[in-house]
Amino acid sequence: MQKGLYKYILLIQYSSQQTSSNVSYFADDPVTETLSQAIRGTGEELDREPDTGVLFGSLRGSVVGLRYYTGVVNKGEMVSLVRQPQNPYDRNAVMVANVYGSQVGHIKRELAVLLANIMDNNLARVEGVVPFGVTNQFTMSVVLSFWGREENRDAVVRQITSRSFKLQSGPTGTHTHTHTLTQLKNAFDNLFENLMDDKIGEREAVEAVCTPLLPHQKQALSWMCACENNAALPHFWEVKGELFYNTLTHSSVRERPRRVRGGILADDMGLGKTLTTIALILSNFHHGKPLCEPVSEKSSPEPKASTTARKNPEGKCVSHSSLSGKSLVSPVEAASSQSTDDPAARATLIICPLSVLSNWLDQLDQHVRADVKLNVYLYYGSERNRDTHFLSSQHMVLTTYNVLSADYSVSGGASPLHTVRWLRVVLDEGHIIRNPNTQQSKAVLKLNTQRRWILTGTPIQNNLRDLWMLVAFLRLKPFDVREWWNRVIQRPVTQGDKTGLQNLQALVKCVTLRRTKTSRVCGRPLVSLPERSVRIEEVELTQKEREEYELARTEGRTTISRYVAEGTVLRNYADVLAILVRLRQFCCHPGLLGKTTTHTGVVAVTPAELRERLIMKLRLVLGTGSDEECAVCLDSVRLPVITHCAHVYCRPCIAEVIRSEQEQARCPLCRGQIKASELVEFPLEEEEEEESNLLENWRSSSKVEALMSSLLRLRSEDDSIRSLVVSQFTRFLTILEIPLREEGFKFVRLDGTMSQKRRAQVIQEFQSDAPGSPLIMLLSLKAGGVGINLSAASRVFLMDPAWNPAAEDQCVDRCHRLGQKRDVVITKFIVKGSVEENMVKIQRQKQDLVEKAFGTKNPSERKTSRVDEIRALMEL
DNA sequence: ACCGCCGGGTGCC
DNA sequence: ACCGCCGGGTGCC
């Protein structure tokens with residue numbers, strides 16, 4: 001009710017302004033925003049399961065009062081229905097709005113009673129399509145279709161027939177071919193692949209960029225400039241007489257729709273997204289002209305590029321491009337950007353995770369000529385300058401997602417960064433904003449900017465919803481409003497509609513550039529990386545180790561086979577994981593077992609005891625660095641919490657489950673009852689005293705010996721080769737420090753517990769080629785997240801297999817990337833006849849399986865595969 | 001005629 | 001609205 005009221009106020013506000021003036025549909029004016037928000041609000045409420053709903057049927061109704069409103073609709077156009085519970089003439093009022101949010105009219109009174117009932121009780125989503133368009137100035141037909149959960153079908157049908165309306169079964173629209181789920185999965189997985197064709201020519205960066213761009217980077221620059229300057233109609237739009245017609249929503253507008261000024265640069269890590277973006281910023285200022293030029297043009301050495309710089313009439317340096325003509329801004333493009341550029345918008349805002357902030361500064365240093373006066377301001381730290389004039393006058397402002405969202409919530413939306421009119425906003429690692437419910441995402445959406453870019457190496461993990469946020473940020477009209485996204489893209493695609501998928505593919509294609517390390521242009525690889533080879537080194541346990549291992553294994557097998565027999569594997573999942581972790585630890589070094597107890601079971605006497613045990617389990621599941629996934633978002637667990645039934649989720653994910661299901665909230669894995677007050681999180685603490693313990697009672701292990709002999713051999717053969725030693729267990733890294741020191745190796749260590757500052761130091765130290773710099777980096781598998789560069793290393797020792805092979809690949813990618821000069825050799829240590837061998841087998845199977853199902857968050861499907869996995873691991 | 005029929009006034013929710 | 005609906009005028013054929 002409260003929310004309804006809010007919506008209504010927004011609408012009133014909107015209509016009063018709306019009738020007095022023509023709305024410019026494509027401007028980001030607050031009026032349009034307001035109504036979009038109102039509609040978006042409805043969308044979100046009904047959005048819980050936009051893809052699982054079934055069609056109950058449809059019926060013909062009429063829209064009345066057309067003459068009072070200005071919203072126009074065409075034949076076949078979709079309209080949105082918005083409840084107006086506070087309408088003074090009828091509390092059942094249902095407003096009809098077109099794709100751009102302009103009100104068209106109301107649903108006729110008798111029908112509105114019915115709709116109000118269905119909508120207010122959330123029995124179905126109601127969607128409207130106008131079959132004939134406007135035929136007179138008073139009323140028009142509308143076809144309403146009802147979508148909902150199967151269990152509500154009867155109620156909806158009853159409501160409709162009891163009010164003597166006739167529900168036609170089946171869709172009234174055209175039937176399209178459908179895909180099987182597998183076809184769909186494949187298509188979706190390939191959504192971001194093969195986007196490469198004819199994406200335009202190449203373009204040189206301006207002189208101010210001193211690093212020569214590689215061919216694929218020139219291509220990206222050319223594409224990005226075209227995206228920012230191009231005035232061509234966006235996809236799905238056609239000229240129809242005087243008007244512009246959208247082929248998906250069947251709507252048309254008088255004003256020329258603008259193409260999204262920006263897009264998604266989704267190149268693989270290491271292909272130089274940062275450099276390309278710097279080149280864009282310097283090369284494509286207002287009207288496609290360079291941002292700034294070297295100060296000392298005369299005294300500077302010969303230009304590095306083959307072609308010479310020219311002067312345009314204003315004396316500004318023009319891009320010394322290939323001059324083939326194809327890459328230069330055409331007069332038409334220039335004219336159009338001239339007419340729409342806001343001259344006050346001059347600065348580019350870069351938003352990135354803290355971990356890559358220093359990378360931006362480094363790269364600016366490295367790629368921008370020293371005599372170019374580029375004003376770059378780092379908007380970070382408590383002393384940051386919040387003056388908006390100051391910020392607006394910069395060439396670039398760098399900040400982090402955290403600073404942005406913190407400012408945003410403190411200022412109630414009027415933060416300095418939200419006040420500046422930006423020329424361009426760049427989201428680095430843009431997939432961070434894939435969840436629209438986070439503060440970060442909300443803050444990002446509210447930025448005022450002419451051009452928008454998303455840089456990401458992983459555009460979407462496994463869910464269409466993730467993509468919506470990116471589309472919304474880009475303001476890819478009209479899909480930035482959830483209802484249209486859901487109706488035109490999300491629902492059709494997840495229900496296997498072929499044209500829906502084609503539309504999605506076209507949509508992604510027109511805003512995305514993605515190349516992988518293996519992409520080829522004109523038959524040649526993008527970048528030539530050195531070879532990379534993987535060898536598995538089998539490790540034999542000693543007699544003593546084998547005995548200890550077998551003891552633990554037998555014990556574990558007994559417990560797990562009992563769970564399997566009882567069918568309670570998932571209920572005791574934390575225990576099962578604990579057993580597996582213990583076995584994996586045995587394979588590495590017995591000292592890893594630490595204070596884990598053999599006691600299992602969640603039955604505890606006191607709350608404090610229970611809490612202690614839950615925390616211990618949580619530590620086992622996560623503290624080891626193994627990549628556990630959250631059963632809600634199916635992604636790596638972030639902000640982990642453990643339920644009383646001992647299952648681990650992201651806090652926001654499980655909080656959302658509890659919020660939406662209230663008292664009936666159940667654990668998604670075991671269906672046990674869960675409460676918000678009973679979620680236990682990882683306490684931030686301790687555990688250092690044990691290190692001395694390790695030292696005093698030092699004993700080696702087969703795996704430690706295997707590593708050491710490799711390292712020693714390597715050093716004797718070539719002492720310039722640097723190595724990454726990777727483990728999921730940070731304690732194992734600690735153990736390895738002892739023999740490394742003993743043998744006189746200089747090493748550094750990088751793990752998840754270190755501050756950003758310390759990490760940057762360590763990376764710099766390792767990457768440095770100064771004499772006496774470390775030969776070895778001890779690295780925890782998940783440390784540092786994406787984007788760090790460890791190209792100084794060319795050997796990788798993976799000490800223990802990961803659940804998720806992608807995590808290993810990512811880790812290897814940190815050295816097998818641009819800048820790597822040597823062939824990369826990866827050694828995987830696997831203990832013979834152990835759980836590790838089985839893990840490798842499962843890794844292989846996983847890769848074959850199309851695991852990345854999306855939309856289908858079918859827990860039972862996943863459950864069986866998990867149980868099977870565990871049985872395979874334990875050879876049960 | 002406590003009807004039917006005609007034609008003018010009228011019009012979202 | 002080239003409708004439906006309302007309510008006043010009217011009334012054999």
Side-chain angles (χ1 to χ4, degrees), chain A residues 1-23 31-32 34-43 45-46 58-146 156 159-160 162-168 172 251 481 483:
Chain A
M1 207 58 204
Q2 195 57 38
K3 192 157 182 186
L5 177 63
Y6 172 67
K7 253 185 266 170
Y8 179 64
I9 292 169
L10 291 173
L11 287 169
I12 289 293
Q13 212 178 33
Y14 176 71
S15 344
S16 62
Q17 298 182 36
Q18 154 80 37
T19 41
S20 58
S21 69
N22 255 337
V23 177
V31 182
T32 313
T34 311
L35 187 65
S36 299
Q37 277 161 12
I39 294 173
R40 210 173 279 168
T42 341
E45 255 168 49
L46 304 167
S58 56
L59 59 82
R60 174 79 67 80
S62 49
V63 185
V64 293
L66 303 191
R67 63 169 150 159
Y68 301 101
Y69 310 98
T70 55
V72 286
V73 270
N74 301 286
K75 181 173 156 65
E77 182 170 343
M78 303 189 298
V79 289
S80 124
L81 303 168
V82 184
R83 275 284 286 126
Q84 288 185 326
Q86 302 300 311
N87 187 304
Y89 304 98
D90 184 355
R91 62 188 171 80
N92 292 316
V94 177
M95 183 201 95
V96 179
N98 69 12
V99 173
Y100 308 96
S102 307
Q103 181 163 5
V104 172
H106 278 105
I107 291 292
K108 207 168 156 55
R109 201 177 203 113
E110 309 86 76
L111 185 54
V113 187
L114 170 68
L115 295 193
N117 232 303
I118 289 173
M119 291 168 87
D120 295 351
N121 294 314
N122 253 315
L123 295 174
R125 275 177 295 123
V126 189
E127 299 183 351
V129 171
V130 175
F132 314 118
V134 183
T135 48
N136 67 63
Q137 61 177 132
F138 304 103
T139 67
M140 70 177 160
S141 276
V142 59
V143 175
L144 302 169
S145 43
F146 297 82
V156 171
Q159 286 275 350
I160 293 173
S162 75
R163 285 171 213 273
S164 50
F165 287 100
K166 275 215 190 84
L167 190 67
Q168 315 283 317
T172 49
S251 59
V481 173
E483 177 171 357

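Reckoned from all heavy atoms, side chains included, excluding hydrogens, waters and symmetry mates. First the proteins, then the strands, lettered A, B, ... as listed; each starts at 1. Since this is a predicted model, take the numbers as computed values, not measurements.
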* What is the per-nucleotide protein-contact pattern of nucleotides 8-13 of chain B, from the 5' end, where B denotes a base atom under 4.0 Å from a protein heavy atom, S denotes such proximity for sugar-phosphate atoms only, and - denotes neither? -> ---SBB

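Residue pairs that meet the salt bridge (Lys or Arg N to Asp or Glu O under 4.0 Å) test with at least one member in residues 85-96 of chain A, sequence neighbours left out, are A/D90-A/R109.
Taking atom CD on A/Q137 and atom C1' on C/dC2, their separation rounds to 13 Å, with Å as the unit.
As rounded to the nearest Å, B/dG4 and B/dG8 have P atoms that lie 23 Å from one another. Here, B/dA1 and B/dC5 have their P atoms 16 Å apart, quoted to the whole Å.
Listed by chain and number, the residues in a side chain to side chain donor-acceptor pair (under 3.5 Å) with A/D120 are A/R83 (sequence neighbours excluded). With sequence neighbours excluded, the residues satisfying side chain to side chain contact (heavy atoms under 4.5 Å, CB included) with A/S141 are A/R60, A/P131, A/F132. For the side chain to side chain donor-acceptor pair (under 3.5 Å) test, residues two or more places apart in sequence or in another chain that qualify with A/N74 are A/E77, A/S252. Residues satisfying the side chain to side chain donor-acceptor pair (under 3.5 Å) criterion with A/N121, sequence neighbours excluded, are A/N117.
Judged by Watson-Crick or G-U wobble contacts below 3.5 Å, the nucleotide C/dA1 has no partner.
Tested against A/M140 for a side-chain contact (heavy atoms from CB on, under 4.5 Å), the candidates A/V79, A/L66, A/V64, A/V96 yield a single pass: A/L66.
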